[in-house]
Protein chains: 2
Amino acid sequence: MLNKTFSALADNNRQKIIDLLKKREMSVSDIVSHLNITMATLSHHLDILKRADLISGRRDGQKIIYSLNFSVIQEVEEKIVKFLKIKNKK
Amino acid sequence: MLNKTFSALADNNRQKIIDLLKKREMSVSDIVSHLNITMATLSHHLDILKRADLISGRRDGQKIIYSLNFSVIQEVEEKIVKFLKIKNKK
DNA sequence: TTATTATTTAGATATATATCTAAATATCTA
DNA sequence: TAGATATTTAGATATATATCTAAATAATAA
């Protein structure tokens, strides 16, 4: 369950994409200009982030604009914190 | 940096290992009895978790006892929270 | 409608990873 | 020291993944 999330986040380029989208939503070509990969590779990474429900894309004319799924990310954050919280010895 | 952590956590069996060790420290044979993998495979997973600094093992006679690295996990948690925190539009 | 721009899909490749069996190593006990 | 128990290492295999180039699809502009 957290699995898909951790896998999605376990890649440098995908972490960078998240970081970029924290600042503002961006088109695919915007994003690719900040990374050292081809469009095709970026498309693949966006797909993984979409499947993990961390980002969404909407079409705006010729472009597709990606943005973070804020509420999902917040839930994910809570789940991770819960997962990593060490209970006091019971 | 968070990369190694996310990769280490991006596997079901390793998540289970973390969950087991949250309750108490355990020997390798203890752990393997809770999972559906061979000793060799477990050894591999323990290695990955050790390299990510999430767990440590100490020898106790014939056995090696693994436990969580509490302080590291807490730091990791903080880093992840920071990473996933969405800044207010600046 | 044709050309241009933006993105995705298909297909290939190389590397990483999860798993296994078998062998090696380490500690303890008789 | 020999045998038993616990863990790791070596080597093999199958699957997943990150990447690329080239082709396909979608929207806009001329």
Side-chain angles (χ1 to χ4, degrees), chain A residues 1-21 23-69 76 83, chain B residues 1-21 23-69 76 83:
Chain A
M1 215 177 83
L2 268 184
N3 223 306
K4 194 177 277 190
T5 307
F6 283 129
S7 304
L9 296 175
D11 176 272
N12 232 305
N13 281 318
R14 291 196 291 272
Q15 285 172 30
K16 282 184 196 161
I17 294 168
I18 299 278
D19 265 332
L20 288 169
L21 295 181
K23 306 204 191 90
R24 62 180 177 85
E25 51 180 31
M26 291 176 98
S27 69
V28 180
S29 36
D30 272 350
I31 297 170
V32 87
S33 71
H34 289 82
L35 304 172
N36 241 346
I37 55 177
T38 63
M39 277 285 179
T41 299
L42 174 56
S43 200
H44 162 73
H45 286 309
L46 292 174
D47 197 51
I48 287 169
L49 290 170
K50 270 184 284 185
R51 282 174 203 281
D53 205 22
L54 295 171
I55 67 172
S56 307
R58 64 166 209 281
R59 184 172 275 282
D60 179 19
Q62 279 163 289
K63 303 203 167 179
I64 301 203
I65 309 293
Y66 280 93
S67 55
L68 294 183
N69 290 343
V76 158
F83 173 65
Chain B
M1 220 175 82
L2 268 184
N3 222 305
K4 193 176 275 187
T5 307
F6 283 129
S7 304
L9 296 175
D11 176 273
N12 232 305
N13 281 318
R14 291 196 291 270
Q15 285 173 30
K16 282 184 195 160
I17 294 168
I18 299 276
D19 265 331
L20 288 168
L21 295 181
K23 305 202 190 90
R24 60 181 179 85
E25 51 181 29
M26 290 176 97
S27 69
V28 180
S29 36
D30 273 350
I31 297 171
V32 86
S33 71
H34 289 82
L35 303 173
N36 241 345
I37 54 177
T38 63
M39 277 286 181
T41 299
L42 174 56
S43 199
H44 162 73
H45 286 310
L46 292 174
D47 197 52
I48 288 169
L49 290 170
K50 269 184 284 184
R51 282 174 202 281
D53 206 22
L54 295 171
I55 67 173
S56 308
R58 64 167 207 282
R59 183 172 276 282
D60 178 20
Q62 277 164 290
K63 302 204 167 179
I64 300 204
I65 308 292
Y66 280 93
S67 55
L68 295 183
N69 289 344
V76 157
F83 173 65

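Proteins get letters first, then strands, A, B, ... in listed order; numbering begins at 1 in each. In this text, all values refer to a predicted model and were calculated from it rather than measured experimentally.
Computed from coordinates, the A/F6 CZ to D/dT17 P distance equals 16 Å when rounded to whole Å. Taking atom NZ on A/K4 and atom C1' on D/dT17, their separation rounds to 15 Å, with Å as the unit. Between the C1' atom of C/dA26 and the CZ atom of B/R58 lies a distance of 17 Å, rounded to the nearest Å. Summarising the geometry, the separation between CD1 on A/I37 and C1' on D/dA18 is reported as 9 Å, rounded to the nearest angstrom. Atoms CG (A/N12) and C1' (D/dT19) sit 15 Å apart, rounded to a whole Å. The CG-P distance, from B/L9 to C/dA18, rounds to 12 Å in whole Å. Rounded to whole angstrom, the span from the CG atom of B/L35 across to the P atom of C/dT19 amounts to 10 Å.
Judged as a side chain to side chain contact (heavy atoms under 4.5 Å, CB included), and not counting sequence neighbours, the contacts of B/L20 are B/M26, B/I31, B/H34.
Listed for the A/Q15 side chain is a donor-acceptor partner under 3.5 Å among the backbone atoms of A/L9.
Here the side chains of A/N3 and B/D11 are not in contact, with every heavy-atom distance at 4.5 Å or above. Contact of the B/H45 side chain with the B/I37 side chain is registered, since non-hydrogen atoms from C-beta on lie closer than 4.5 Å. Considering only heavy atoms from C-beta on, A/I48 stays 4.5 Å or farther from A/K4 through its side chain. The shortest side-chain heavy-atom distance between A/I18 and A/R14 does not fall under the 4.5 Å cut-off.
Pairing for D/dG11 is with C/dC20, a Watson-Crick or G-U wobble pair whose two hydrogen-bonding atom distances lie under 3.5 Å.
OP1 or OP2 of C/dT19 has at least one side-chain nitrogen or oxygen of B/N13 nearer than 4.0 Å.
For A/D11 and A/D60, each mapped to the nucleotide of DNA chain D holding its nearest heavy atom, the one lying further toward the 5' end belongs to A/D11.
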Seminar exercise, completed: Nucleotide by nucleotide, nucleotides 1-12 of chain D touches protein heavy atoms under 4.0 Å in the pattern (B base, S sugar-phosphate only, - none) ----BSSBB---

